[in-house]
Number of protein chains: 2
Amino acid sequence: MDGERPPQRRRGRPGHDQDAVLNAAVRLFNARGYDATSMFDVAETLGITKSTLYHHVSGKEQLLAMAVDRALDGLFEAAAQVSGEKRAIDRLERLISSSVLVLAERLELVTLLLRVRGNTEVEQHALARRREFDGIVTDLVKQAQAEGSIRSDVDAATAARLIFGMVNSLVEWYRPERGHPETLARTVVELAFRGLRTEATNTTQDDQRRQ
Amino acid sequence: MDGERPPQRRRGRPGHDQDAVLNAAVRLFNARGYDATSMFDVAETLGITKSTLYHHVSGKEQLLAMAVDRALDGLFEAAAQVSGEKRAIDRLERLISSSVLVLAERLELVTLLLRVRGNTEVEQHALARRREFDGIVTDLVKQAQAEGSIRSDVDAATAARLIFGMVNSLVEWYRPERGHPETLARTVVELAFRGLRTEATNTTQDDQRRQ
DNA sequence: GTCTATAAATGGATAGAC
DNA sequence: GTCTATCCATTTATAGAC
């Protein structure tokens, strides 16, 4: 249009809304899969045509790049914030907790991120950043082990992956209606650190392997 | 075919090998995603043309159906086998352990299963069977809670999902070279039941909520 | 900013010769 | 059983009018 349509909130430059486009795209990418979603689908959801969609974004891959970058930014911000704690076990606990909160807050972005396979350069870049984050977590587990606050009869990398496997699995079923993210974060930390069992319930077979 | 090409192992009927086709397809589906993989890609990997591929299988979706069915059969067999144990906590432990073993043994099939989104009827059927399996697990957790062997301050469905989130995350990183599945299964059970911490390390803030 | 029209490539799938 | 050739639908993306 030619001037008279002030959006609810002012924007830096153009007329329309790139975030609305991104939101719709991410939603569809998650629902049907990135590859199974066409630019026509995205345009249709927004009530515009494909050409108009291309007026707002440069292409399908840019949408993916924006989404995964925002998700990763959230996770790295969480990782940066835990450095205040003295003990490694406390940094780990806070990182687990913050990650759950980020995941809940940016649920759709993180969901998309976790499904990236590495088909294109954009996807490979996202995978590289994810590996970097995994490395941070593994280091924390190792430090907590050296500190003595985490059992050392399990491999650090394995433990790190299992715990964040638990965290990441939330994208498959957590929904805002299901409760406060803070409550969920506490449950995850509890399970990760103390497990399901009530107390020293029996021990089936082999217990002391090496230590 | 016309007679003279005995494969290494006799088959029921035809000449060639449908399993080889399925294997190659599943590998590609996992590597690039189902939708991003074309029938040309599958044929190329096998060293044949697309038409020849269609001589062996009826279509892309049939490949997907065969794969996810085999994965689900493995999981339900595991679920059927735990009924021997008396206590719910033991049935749960065995189901977690068996699931890890099935996942390791049919790694590629299960990986594909866990990525299904529900776009087609085949996928929806797979999702329905997955939900059925989830229900079995949740029931076991509830029974173990009623029994007193599992802490009741966490929601049963949440706990069930988190534990199997941990199990399922294995498809993202477990590889046969990484060790014996039995060892891994033990680690998962240990983490799920007893957690990461060494002992009664400190308790941050809120501990007794309602019970 | 939004549209119609269309380009150019790729997708799943089939026909029919050898 | 495998091939070449081809159909037809869909895809990403662009040109250009309004």
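By convention in this document, chain letters (A, B, ...) are assigned in the order of the sequence lines, proteins followed by strands, and residues within each chain are numbered from 1.
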Using whole Å, report how far [atom1] of [X] lies from [atom2] of [N].
X	N	atom1	atom2	answer
B/Leu28	C/dG11	CG	P	13 Å
B/His55	C/dG12	NE2	P	20 Å
B/His56	C/dT14	NE2	C1'	16 Å
B/Asp35	D/dT10	CG	C1'	13 Å
B/Glu61	C/dA13	CD	P	8 Å
A/Lys60	D/dT12	NZ	C1'	8 Å
A/Ile48	C/dC3	CD1	P	7 Å
A/Glu44	D/dT11	CD	P	11 Å

Got a salt bridge between [X] and [Y], using NZ or NE/NH1/NH2 to carboxylate O under 4.0 Å?
X	Y	answer
A/Asp41	A/Lys50	no
B/Arg130	B/Glu123	no
B/Asp69	B/Arg129	yes

Would one find more than 12 heavy atoms of other residues, nucleotides or ligands at under 6.0 Å from atom CZ of A/Arg27?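 No - once you tally the heavy atoms of other residues, nucleotides and ligands closer than 6.0 Å, there are 12 at most.
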
Does a nitrogen or oxygen in the side chain of B/Tyr54 sit under 4.0 Å from OP1 or OP2 of C/dT14?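 Checking B/Tyr54 against C/dT14: no side-chain N or O falls below 4.0 Å of OP1 or OP2.
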
Regarding the side chain of A/Thr52, the nearest nucleotide among D/dC3, C/dT2, D/dT12 is C/dT2

For B/Thr37, which contact category applies under a 4.0 Å heavy-atom criterion: base, sugar-phosphate, or nothing?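 Answer is sugar-phosphate: B/Thr37 comes under 4.0 Å of backbone atoms only.
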
Side-chain donor/acceptor contact of A/Thr49 with base of C/dT4 under 3.5 Å: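 Between C/dT4 and A/Thr49, which were checked side chain against base, a qualifying N/O pair under 3.5 Å is absent.
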
Any N or O donor-acceptor pair under 3.5 Å from the base of D/dT12 to the side chain of A/Ser38? no

Kindly say whether A/Gly195 contributes a backbone atom to a donor-acceptor pair with the side chain of B/Arg151 at under 3.5 angstrom? yes

Closest-nucleotide ordering on DNA chain D, the 5'-leading residue of A/Ser51 and B/Lys50: B/Lys50

